[in-house]
Each structure stands twice: as C-alpha cells, then as structure tokens.
Amino acid sequence: MFHDRLQALLVPALQDAFSQLFNHALDVRSIGFQQTRPEFEGDVTINVFPFLKISGKGPEQTAQAIGEFLVAKVDVVERFNVVKGFLNIVISDAYWLGFLREAGEKDILAFPSTGEKVMVEYASPNTNKPLHLGHLRNIFLGWSVSRILEAAGNEVIKVQVINDRGIHICKSMLAWQKFGNGETPASSGLKGDKLVGKYYVEFDKAYKKEVDVLVASGRSKDEAEKEAPILLEAQDMLRKWEANDPEVRALWETMNGWVYAGFDATYERAGVSFDKNYYESRTYVLGKADVLEGLKKGVFYEKDGAVWVDNTAEGLDEKVLLRRDGTSVYMTQDIGTAIKRFEEFPGLSKLIYTVGNEQDYHFKALFIILKKLGFQWADELFHLSYGMVDLPSGKMKSREGTVVDADDLIQEVVDTARAVTTELGKLDDFNDEEKAVLFEMIGLAALKYFLLKVDPKKRMLFDPAASIDMQGHTGPFIQYTYARIRSLLRKGGELSVAGGQLSGAAGRTPADNHQLIIEEKAVVKLLHQFPAVLNEAATKLDPSSMANHTYELVKAYNSFYQSVPVMKEEDPAKRVFRLSLSRAVADTVRKAMWCLGIEVPERM
RNA sequence: GACCCCGUAGCUCAGCUGGAUAGAGCAGCAGCCUUCUAAGCUGCCGGUCGUUGGUUCGAAUCCAACCGGGGUCGCCA
C-alpha cells in the first residue's frame with residue numbers, strides 16, 4: 001500500500017525498467033525517492049548510485065536509460081534531466097491537477113479501515129495533587145496519537161489509569177483531617193484537585209517540622225524520617241484503608257471525588273476525554289494469580305520466599321514480582337491489568353502506554369514478562385516514551401515549588417491570546433461569547449502546538465515566553481492561515497454560512513488544462529506528501545511530523561497567497577483553480593490540526 | 001560502577017532507513033499594507049552538525065572510543 005500515490009505509479013515502472021534494461025528484479029526498498037532540490041528542474045529525484053553495480057554502467061548512462069524508459073512508459077513522467085548520479089524527473093501538470101481533484105472530493109487524511117482495535121493509555125495522574133505541565137505533554141501526546149491512529153483507519157480506545165490509592169492520598173487525607181477544619185471545594189471556592197493538593201503540601205510541611213524536632217533531639221536524619229509521628233499515622237491510615245475501615249474509606253471517597261471533579265474540569269478545557277477509566281484501587285489486586293501461575297509453569301522462581309523473574313538473558317536484571325509476605329509490587333498489577341484489558345476487549349490488537357521515559361526499564365521488563373507468560377499479544381505492546389519537560393530554571397520539582405500548574409498555564413495562554421487578539425482589533429462584530437470561544441481556541445493552539453511540534457522522544461525545554469508566541473512556527477500562525485483561506489472562500493461566493501455549516505461545491509474541480517506556476521506547484525506538492533506523513537506519524541506514533549508538515553504547507557501557502565492573486569485574478573479558469581487549491585489546503589489543514597487536537601477558527 | 005537517551009546557528013527545534021552547496025522559527029538588521037486578514041511576505045546576518053578515529057564512491061546520518069548533559073538501576077510507585 002502506497003501512501004504516496006505518485007510512487008505507486010513510479011515503483012512498478014521502475015521495476016519494469018530494471019528487469020528490461022538490466023535484467024534485474026528490483027527490491028522496492030532500495031529505491032530512495034527524494035524531493036528534487038529547488039535549484040534543479042524536477043519534482044522527484046532518484047539517486048542511481050546504488051544501482052551502478054546492477055546496471056554495469058556509469059551514473060550518467062544509468063540515469064539516462066532509466067529516465068528514457070520512464071518517459072516512454074509512464075504517462076505522468078513528462079521529461080527528465082540528469083545531474084551527476086541524480087535522475088530528476090518532471091511530473092506533468094495533469095498529474096498534479098488530478099491529485100488536486102481527488103483532494104477536493106475526499107479527505108486525503110482519512111485512510112480506509114484497518115479493522116484494528118488499538119488502546120491508548122495516557123494521562124494517568126495521582127490523585128494527591130493537581131495536573132502540571134508534564135501531564136500536559138503526556139495528555140496532548142496521547143490524545144494526538146489517538147486521533148492520528150483514528151485517521152489512519154483504526155478503532156481507538158482511550159483510557160487512563162487513576163492512581164487513587166496509596167500512601168500519597170493518605171497523606172492528603174490525614175493533613176485535611178488535622179488542619180482542614182472541614183474545608184471543602186464549595187466552602188473555599190478552590191478547585192477540588194487544588195484543595196487536595198494543598199493538604200498534600202500541608203502534610204509535607206508538618207512532616208518536615210517533626211523530622212527537624214526529632215533530629216534536634218538527637219535522632220539521625222534517617223531515623224527521624226522513618227519515625228515522624230505524622231508519617232506513622234499516614235501509614236496507619238493506609239492500613240485501615242486496606243482493611244476497609246468505613247470511616248477512612250468514606251473520607252477517601254469524598255476527597256477523591258473532589259479531585260475527579262477538578263481533573264474533569266481540566267480535561268474538558270484541554271479538550272480531551274477518555275473512553276474508560278481504570279482505578280488503581282481496583283486493579284492493584286490484579287496480577288497476583290498470574291504471577292503464581294507463572295511460578296507453577298516454571299517461568300518464575302522462588303528465592304527468599306519472594307517470587308522473582310530472571311530477565312538477565314534479555315540484558316535486564318532479576319526482578320521481584322511478589323514480596324515475601326505475598327503482597328504485590330507495581331509490576332504485579334501492571335501484569336494483571338494488561339491481561340485484563342485484553343480479556344475485556346477481545347480483538348484488541350495493540351496497547352500503547354503513554355508514559356515518561358524514566359520508566360523505559362519498567363516497560364521493557366513488563367513486556368518481556370508478559371511474553372514469557374506466553375501471551376501472543378505481548379509483541380503488540382508499545383511504550384510511547386516521551387522526554388521530560390524542562391524549565392529555563394531547570395527541572396520541575398514539586399518540593400521546590402517550580403512546578404507549572406496546568407490550569408494556570410492554560411489560563412495564561414488564553415489571556416495572552418485575548419491580549420494579542422484584542423490588540424490587533426479584527427473582532428469588531430464578534431460578541432462576547434464568540435470572542436471567548438476564539439481566545440480559548442487560539443491560546444490552546446499555541447500551547448498544544450508548542451508541546452507537540454517537538455519529537456516526543458526528546459526532552460524539551462519549556463520557555464514560557466515562546467510557548468505563548470503567536471508568530472512564526474506556532475499554532476496560531478497555522479490557524480491564521482486557515483482563517484484567511486476561509487475568508488477568501490467566503491468572498492469567492494463558494495461558501496455560504498448556514499448554521500455554522502459551510503457548503504458549496506464550486507471550485508472543487510479545477511480545469512484539467514491549467515498550467516501550474518511555481519508557487520502553486522510548491523503548495524500542491526506539500527499537500528501531495530501529506531498522506532505519507534500521516535502514515536509515518538501513525539507508524540511511529542509521532543505527532544511532531546504532522547505538526548511540522550502542516551507548518552511547511554501553510555508557509556508555502558502564505559507565500560503563494562502573498563504573491564499570487566486568487567479572487568482578484570481575472571482569468572476565471574485560474575481563479576477557480578486557485579480557489580480549489582486554497583480549499584484543499586484549508587480542508588487538509590483542518591484535518592491535520594484535528595489530528596493534533598487543535599481547533600481552527602473561521603475568522604481571527 | 002553498569003545500562004539507556006541526548007549533544008546541529010546566540011536561543012528553541014527540523015533533517016538521522018547514508019546521497020547534490022546542512023534547514024526553519026525566535027532574536028538582530030533592511031524592505032513590503034489605496035489589492036483577497038501584515039498573527040503575513042521578501043531579503044541579509046548567523047553553523048569545524050560535541051571531539052577523535054573507522055566503514056563507504058559519498059557521513060549530521062552507520063560503527064568505536066572519549067568529552068559534556070539527563071535518566072534508570074528498591075521485596076517504592
């Protein structure tokens with residue numbers, strides 16, 4: 001399956017050429033297509049150096065022979081030139097026009113169904129504190145990858161695991177009991193997750209104080225940190241939670257409820273959602289039986305009363321799966337949860353975990369273990385590992401208060417969008433409601449694009465000033481280009497606005513004898529590459545390639561727009577062609593941004 | 001110490017399944033609004049692609065070593 005429809009024509013022809021000219025069966029993968037450099041004439045370039053042994057001729061003769069064959073046998077190959085070992089092929093305008101007609105008739109960023117069901121896990125917060133910048137990279141990434149996979153023809157199930165139990169939430173609960181005076185989100189006006197986070201900080205303060213007192217009374221730091229009464233109390237509370245103590249459970253339900261309301265508000269504003277939530281309080285018991293089963297089968301072994309797995313053959317270490325006292329570790333429940341998901345969703349073909357790269361080792365081990373337990377699907381597990389987000393001041397540290405809060409950050413970009421947009425003063429006839437929607441759209445575009453344009457695998461620097469930038473390589477720049485095209489199409493009479501739905505088919509089918517000028521061709525070629533980019537993004541689970549290609553496209557379009565008249569063009573055929581080109585760009589940009597989780601406005 | 005990731009322009013990033021003189025944005029400088037939205041466009045300035053070897057007709061891209069930055073190595077999560 002070729003996502004590049006031009007290569008779909010050229011590859012078979014090249015195979016014919018090699019078999020007829022050189023009596024050789026050409027391996028498709030050995031053909032390296034590249035964009036012709038702007039200083040030479042041509043649309044596609046093939047480097048013939050790798051083929052010299054096959055042809056037994058020099059580079060010029062080899063390229064010449066292939067070029068002549070293609071011109072003779074392939075309609076869309078108009079002519080060619082040879083520079084050193086490079087065969088530059090010129091594709092006919094008719095081909096590009098044909099492609100554009102296709103782009104007018106269908107969504108070029110929608111692939112036929114693969115029939116596959118894919119689960120994407122992302123977000124996965126702890127319930128003791130609010131979401132921060134690091135979560136936002138995770139959330140936008142997971143959401144975008146889900147959209148990309150959907151566009152590529154998969155059925156996608158979006159899930160999160162909520163870490164709702166454990167010592168962390170007990171600390172918040174205890175501090176709230178001690179110092180909260182019955183404070184609630186309603187009584188304080190604080191968002192639920194913020195309120196619970198506040199008591200997590202309160203716990204830490206009280207704990208530190210106690211540690212200091214103990215140290216002053218002659219304890220070592222280690223001892224003090226283990227013996228601080230408030231910590232012991234929190235541990236006691238965790239035990240009570242595990243023993244189903246009704247009072248503790250009730251408080252836990254209440255406070256987690258506050259947190260979920262807070263998270264939901266953040267998710268909604270960020271424009272993301274989930275098809276299913278998994279709660280650690282329910283999944284943490286999973287996996288035990290599976291580990292014991294593995295022990296029985298001899299996949300694992302017992303040592304010092306604990307159950308171990310030996311991954312040294314795979315270059316990893318030995319790892320505990322069940323403690324001596326029979327209780328679970330983190331790995332245990334991850335094993336159980338994975339198994340449960342494949343049971344719950346029969347036919348699930350792939351499971352993607354969006355989790356930071358500090359857990360690379362953990363997931364390597366997890367996948368190996370599941371493979372050892374004999375699950376076929378273990379090969380279809382994927383750790384979408386992404387890099388940390390650094391601040392100009394260094395790493396984010398909750399203890400040092402350098403964490404960038406997600407809600408605050410979103411508010412800030414939206415405020416900036418408001419300020420910039422108001423300054424530009426193009427919204428005279430917008431009402432307040434419309435303005436609010438637009439500011440939200442622009443601010444979030446700036447933030448999301450900033451986080452998504454970087455290769456997810458890489459650690460990235462979050463420069464607050466750059467993240468709210470709306471010029472250059474940014475989300476709002478792309479939105480702006482889109483809005484400008486929509487304006488053009490409205491003026492072209494091609495669109496009529498009715499109930500927010502834009503309709504009108506004129507300008508979708510350009511004449512087939514149009515001669516492309518260089519600015520038009522640049523845009524068409526970038527559009528033409530887009531399906532292959534989507535395919536790559538879906539394969540590599542990498543939204544950054546989509547983000548960057550969208551930018552390339554709108555940049556080329558802006559250049560075209562600036563120097564070539566569209567509506568002002570007097571020749572009706574040219575005008576229709578340029579409108580159809582503009583429309584195809586707008587449609588594709590809208591879809592590409594949809595894949596990134598970014599909305600585009602009709603006007604801005 | 002072992003293992004993993006990263007090192008490209010002043011800053012932030014593309015390019016990395018080897019291919020033609022290494023690309024953007026920001027910052028700086030100079031232009032372009034009586035024409036379809038100037039959140040734009042055009043031009044200039046700016047790089048020993050961390051270093052040294054190696055493989056190759058050809059290396060930012062592959063391999064090795066070293067230097068620098070980060071991460072992981074718990075019967076924690």
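Letters go in sequence order (proteins before strands), and every chain restarts at 1.
- Side-chain nitrogen and oxygen atoms of A/Ser487 include at least one within less than 4.0 Å of the OP1 or OP2 phosphate oxygen of B/U37.
- In this structure, the nucleotide among B/G40, B/C75, B/U72 sitting nearest to the side chain of A/Phe477 is B/G40.
- Among the protein residues, A/Glu39 comes within range of the nucleic acid bases, having at least one heavy atom under 4.0 Å from a base atom.
- As judged by a 4.0 angstrom heavy-atom cut-off over every strand, A/Lys84 is placed among residues making no nucleic acid contact.
- If you take atom C1' in B/U55 and the same atom in B/C63, they sit 7 Å apart, rounded to whole Å.
- Counting any heavy atom pair closer than 4.0 Å across all strands shown, A/Ile442 reaches a base atom.
- Distances shown here put every side-chain N or O of A/Arg323 at or beyond 4.0 Å from the OP1 or OP2 atom of B/G74.
- Using N1 to N3 plus N6-O4 or O6-N4 for Watson-Crick, or N1-O2 and O6-N3 for G-U wobble, each under 3.5 Å, B/U17 pairs with nothing.
- Side chain of A/His549 to backbone of A/Leu526: a donor-acceptor contact under 3.5 angstrom is found.
- Picking from B/C13, B/U72, B/U37 the nucleotide with the shortest atom distance to the side chain of A/Arg484 gives B/U37.
- Between A/Arg590 and A/Asp587, some side-chain heavy-atom pair lies under the 4.5 Å cut-off.
- The number of heavy atoms from other shown groups lying within 6.0 Å of NZ (A/Lys226) does not exceed 12.
- Across the P atoms, B/A30 and B/U48 are found 26 Å apart, a figure rounded to whole Å.
- Distance check on atom C1': B/U17 versus B/G53 gives 25 Å, rounded to whole Å.
- Nucleic acid contact class of A/Val329 (heavy atoms, under 4.0 Å, all strands): sugar-phosphate only.
- Residue A/Tyr561 places its side chain closer to B/U37 than to any other of B/A77, B/U37, B/A20.
- Considering only the side chain of A/Gln34, B/G19 comes nearest among B/A39, B/G19, B/A77.
- Within the shown strands, nothing qualifies as a pairing partner of B/U35 under the Watson-Crick or G-U definition with both distances less than 3.5 Å.
- Here A/Val564 lies in heavy-atom contact (under 4.0 Å) with a base.
- Dashed line: the shortest gap from a side-chain N or O of A/Lys458 to OP1 or OP2 of B/C13 is not under 4.0 Å.
- Among the protein residues, A/Thr421 comes within range of the nucleic acid bases, having at least one heavy atom under 4.0 Å from a base atom.
- Nearest to the side chain of A/Asn548, among B/G25, B/G40, B/A14, sits B/A14.
- Centre separation under 5.5 Å together with a plane angle under 30° does not hold for the ring of A/Phe49 and the six-membered base ring of B/G58, so they are not marked as stacked.
- Across all strands shown, A/Ala465 has no heavy atoms under 4.0 Å from either base or sugar-phosphate atoms.
- A/Asp317 comes within 4.0 angstrom of sugar-phosphate atoms only, judged by non-hydrogen atoms across all strands, and of no base.
- Side-chain atoms of A/Val420 lie closest to B/A39 of the nucleotides B/G25, B/A39, B/A20.
- The CD1-P distance, from A/Ile162 to B/A77, rounds to 19 Å in whole Å.
- Heavy atoms of A/Arg29 sit nowhere under 4.0 angstrom from any nucleic acid atom.
- Between A/Gln35 atom CD and B/A20 atom C1' the separation is 14 Å, expressed in whole Å.
- Salt-bridge check for A/Asp43 with A/Lys521: passed, with a basic side-chain N closer than 4.0 Å to an acidic carboxylate O.
- Checking side-chain atoms of A/Ser144 against main-chain N and O of A/Phe140 turns up no donor-acceptor pair under 3.5 Å.
- Note: A/Phe203 and A/Tyr207 have parallel aromatic rings, judged against thresholds of 30 and 60 degrees for the angle between ring planes.
- B/U52 sits 27 Å from B/A14 when the C1' atoms are compared, rounded to a whole Å.
- Applying the 3.5 Å distance criterion, the base of B/A20 shares a donor-acceptor pair with the side chain of A/Asn88.
- Of the C1' atoms belonging to B/G18 and B/C57, the separation is 12 Å, rounded to the nearest Å.
- Here the separation of B/C41 from B/A27, taken at their P atoms, is 13 Å to the nearest Å.
- Base engagement by A/Phe86 is indicated by at least one non-hydrogen atom pair under 4.0 Å involving a base atom.
- Comparing B/U37, B/A39, B/C73 against the side chain of A/Met604 picks out B/A39 as the nearest.
- If you check B/U37, B/C41, B/A20 against the side chain of A/Tyr480, the one that comes closest is B/U37.
- Put simply, CG on A/Leu461 is 14 Å from C1' on B/C6, counting in whole angstrom units.
- Contact annotation for A/Lys395: backbone-only contact, meaning every heavy-atom pair under 4.0 Å involves sugar-phosphate atoms and none involves a base.
- Distances shorter than 4.0 Å separate some side-chain N or O of A/Lys491 from OP1 or OP2 on B/U37.
- With both ends at atom C1', the span from B/A60 to B/A20 equals 15 Å, rounded to whole Å.
- Nucleic acid contact class of A/Leu424 (heavy atoms, under 4.0 Å, all strands): base.
- Residue A/Tyr330 has no polar side-chain atom (N or O) positioned under 4.0 Å from OP1 or OP2 of B/A77.
- Among the protein residues, A/Ser563 comes within range of no part of the nucleic acid, since none of its heavy atoms lies under 4.0 Å from any strand.
- Its glycosidic angle being within 90° of 0, B/C33 falls on the syn side.
- Comparing atom distances between the A/Asp455 side chain and each of B/A14, B/G19, B/A39 picks out B/A14 as nearest.
- In this entry B/U42 has B/A30 as its Watson-Crick or G-U wobble partner, both defining distances falling under 3.5 Å.
- Across all strands shown, A/Ala466 has no heavy atoms under 4.0 Å from either base or sugar-phosphate atoms.
- Here the separation of B/C44 from B/A39, taken at their C1' atoms, is 23 Å to the nearest Å.
- Taking the six-membered ring where the residue is Trp, A/Tyr284 and A/Trp241 present tilted rings, their angle falling between 30° and 60°.
- Nearest to the side chain of A/Gln562, among B/C13, B/U37, B/G40, sits B/G40.
- Using a 4.0 Å cut-off, some side-chain N or O of A/Ser559 falls inside it from OP1 or OP2 of B/U42.
- The NZ atom of A/Lys453 sits 15 Å away from the P atom of B/A24 (whole-angstrom rounding).
- Applying the 6.0 Å contact sphere to CD of A/Glu599 captures no more than 12 heavy atoms from other residues, nucleotides or ligands.
- A/His383 pairs with exactly one of A/Phe363, A/Tyr361, A/Tyr122 by the ring pair (Phe, Tyr, Trp, His ring centres under 6.0 Å) rule, that one being A/Phe363.
- A/Arg459 has no side-chain polar atom (N or O) that falls below the 4.0 Å cut-off from OP1 or OP2 of B/C13.
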